[in-house]
Q: 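The structure is given below, and queries will be raised subsequently.
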Amino acid sequence: MTEGEHFKEKLFRSQLWRSVFRHPYPRSPREERRRSRTNFFLHLHPPVIERERLKISQTWGLGGISFLLFLILAFSGGLLMFYYRPSVEHAYHDMKDLEYVVSFGPFLRNLHRWAAHAMVITVIAHMARVFYAGSYRPPRELNWVVGISLLVFTLLLSFTGYLLPWDQLAYWAVTVATHMVRAAPLIGADGPLTLVRSGGDLSALLLGARTVSAPSLLRFYVLHVFLLPLAMAALIAFHFWRVRKDRMIRKPL
Amino acid sequence: MRDFFFGLFGLAVLLGLGAVIWQHNQRPWVRYQREFYAQKEKLLIEAKNKARDVRETERLDREIEKIRATSPQVQQIALSHLNWADRCTTCHLGIEDPQFSNAPQPFRTHPEPFLSWHPPEQFGCTPCHRGQGLATTRDAHGGARNWKEPMLPAEFLEASCATCHRNLTKRVAPIWFRGRELVDFLGCRGCHAIGGLKSAEKIGPPLNNESRKVKPGWLLNYLKDPRKYSAETRMPNYKLPEAETLALRDFLMTLRTDPDPAEAVRWDPGEKQAARGKKLFEDLGCLSCHALAAAKPAGFFQAPKPGPELSRIREKINPVWLVNYLMDPSRVQPGTRMPLYRLTRDQAQDLAAFLLSQNAENSKDQDGEPAFQPDPARAREGKGLAIKYNCVGCHEIEGIRQGEAGPPLDGIGGRNVERLDFGSNPKGKDRSLYSWLEAKLTTPRTYREGLKMPEVNLRRGEEKAVVTFLLSLVARPFPELHPEGTRVAAPHTLEPAVPSGGPAGTLWRKLQCTSCHRIGNSGGSIGPDLSGEGSRVRRAWLEQYLKRPKPLRPLLQARMPDFHLQDSEVRILADFISTSLWSQDVGRNSRGSLDLSRETAEKGRLLLRESGCIGCHELEGKGGKVGPRLDRIAERLNEDWIRAYLKDPQRMFRGAAMTPNYGFDDEQIRALTAYLLRGVP
């Protein structure tokens, strides 16, 4: 036994390793399967997968890339929250401070912005890939619906983040978008078959007012940094669990 | 293979992060600050090598130490009352440091006296310069897209003075002042409301009797291009299409208030008559108001004349109308400024004959026109055009009360560039408010054909003045800026005070001027009171004196020390003194109004003798040495100040040794001043 192998052996049998991974390093397919069942992280992978399916062209890793981007966004967004205050008085100035004064502020903002754009693209591409592969068919139909919800949440996160710089572009873009909401059927004040009055419709619920103003900024902020990411994280967990249950990307069932 | 690509990708990410860190360290403002501190250190070391005593060396050593320990940091002037911060000083580090007055930007010292009038810690930068104060990159200058108020170029900067100060004088803001004059002179308010008001006075003559006054041929040409007839005319060029000029001509030729003067048309001026008219023209002094090419007065300088130039009126004016007009101007043309000379009909005819004999050859073809009959349909169309082009903005026309005016100009100085109509030329080389305004003034149709704005008669460079004025029409004054209230008094009415900031303030503290000199209510009494020094002495003398003070009063023991000031420092001090330290009792701008004739000066000389001035003052090598020498006093003192001083010495100069108030009257003071200024050669 060489020095290195000796060290490995010691490491895999150490209490630290076992407390984290619960099993020693697997030495047989049986051990491997056992380990996968009991370890949360490894549990994400099915115990057995066909070699052919591991080719990158099978999925292009689009779901994984989307998740990675989600993590980048959560991380950079958390850092941005240190500098940003969601009030009419401060929002714009804090954004300018990030741009001109905070160390690596522009990098942080750009990272957040480009990751957001990229995530919208990869999530859509992921959906297209799943569709063309026919992977939405039973028994995967529920996960397809979950995936569509994740796409909608991705778009909503993009939309709510757009208002936060509180500049002219943000203000008017959101004004236009919430006017579109007013035209929704039944729950939009100007929509067909409307059941609600102006000021009591979906757009008013979103804005907290009739026009884009201080309450809108706060609502969009809370949605953007708390409610939507939380819901998204929960759904992503469920999504992954279903993926695992549906035996990953094995042959069409 | 896959591992290779993953490795490559990882490496690229690492390199990217490295680039981010490197770029962070090379941000432009960081580099500027390093450069500035290096320059400052060099200057301090130079000063240290020249230092004369130990204490000075130690002080400089401490400063050098401090500079070396300084690391780049964002600098900002927080204007908490505006919820704003200006970070311009992050790069422009030298604005208050007199040593950088010749340094290239961004380090150059701010010119004075502006910073001593507006201490930066109170006013910041963007209230005057505009731009994006929060930025620490080139975006600060307004390059950022959609930034509402990009930085004003220096040539238009006076606009900013006028956004807060209403009664600016010509001395403080000459360009803006000229612009405001031009806007009034050119009748811009005829079409555009400014300050909520259109002008009450119409700058053009009334047109109610136009068909009697002018010849139809002339009128047609004039409507096409007014400047072809007179380069000085205020009538703008509307660039009308041919059909519209014809219609307007026909409409104007229907306007008459006189009854038909058919029998008077037969009137034929002869040469003798013209000669008599010429004599009359000279005797009556017509040249004081009118220019005439054939009768140019001697002398280089010709003041602008209130009346029109007369050498080509044969092309324009109907002889009969002219005779009537000369006899009783305001009856024929109500509102004219021409005085009533009480000429007889014969005299009026002589004068008219002379005037119409000017340039006879050039206008022969227009004399023999057959009687003109306006076409009624075209005239109706012309009336519509007169409304469309708002002729009544400048001229009175009976039957038209109001035309279609142009847009009001209030707030134009703060208009967002995205809201300007760049029309068919949307990608002009420089999309900015000021270049747009400039183009509108010089070539109003560049952006779109068919606009109504005419080409106004501006001389080269005058459009900049008008643009400066327009840029000052901002809906946004800064009420919170000034603690005392919204609109603040013009600077010249402020009390003289020690400069509180800026390069002048820095110098002032360094030289400790106030330990000897008094300004306003503070300062020592060893040297003279400087509260009104700017109004007292001439600028050129002041600079010379600051550079190398020569004793003025040989008997006084206190001496102004020689500070060995650099030229740049002298300029900063002189700028401050000659603009800010101004006595309320001394006028500005009256230079040259004094009668400096030999006789007056001679009177002054006698008076000077009688009053015994040379008991104390030395003049032409004789006299006492208590007061300063009176020879060459003109080089030193302003004439306005001399006059005010002679009137009441104690008031003008606290602690003046010249105690007696001789009680000179105005005429005596004028004579004395004339003598002191020019002497009797």
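Just so it is clear: chains get the letters A, B, ... in the order the sequence lines come, proteins before strands, and each one is counted from 1. Everything numeric in this text was worked out from a predicted model, so none of it was measured.
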Q: Select one option (side chain, backbone, both, neither) describing which atoms of B:V74 are under 4.5 Å from chain A's heavy atoms.
A: side chain
Q: Side-chain contact, heavy-atom cut-off 4.5 Å: B:L17 with A:F107?
A: yes
Q: In terms of heavy-atom proximity below 4.5 Å to chain B, should A:F104 be classed as side chain, backbone, both, or neither?
A: both
Q: For A:F70, give me all partners under ring-ring contact (aromatic ring centres under 6.0 Å, His included), at least two apart in sequence or on another chain.
A: none
Q: At a cut-off of 3.5 Å, what donor and acceptor atoms pair up between chain B and chain A?
A:
from   : atom 1 : to     : atom 2 : distance (Å)
B:R87  : NH1    : A:D97  : OD1    : 3.1
B:R87  : NH2    : A:D97  : OD1    : 2.6
B:T136 : OG1    : A:Y100 : O      : 2.9
B:D139 : OD2    : A:Y100 : OH     : 2.8

Q: Could you pull out all residues at least two apart from A:F131 that satisfy ring-ring contact (aromatic ring centres under 6.0 Å, His included)?
A: A:Y136
Q: If the condition is ring-ring contact (aromatic ring centres under 6.0 Å, His included), which residues does A:F153 pass it with, not counting sequence neighbours?
A: none
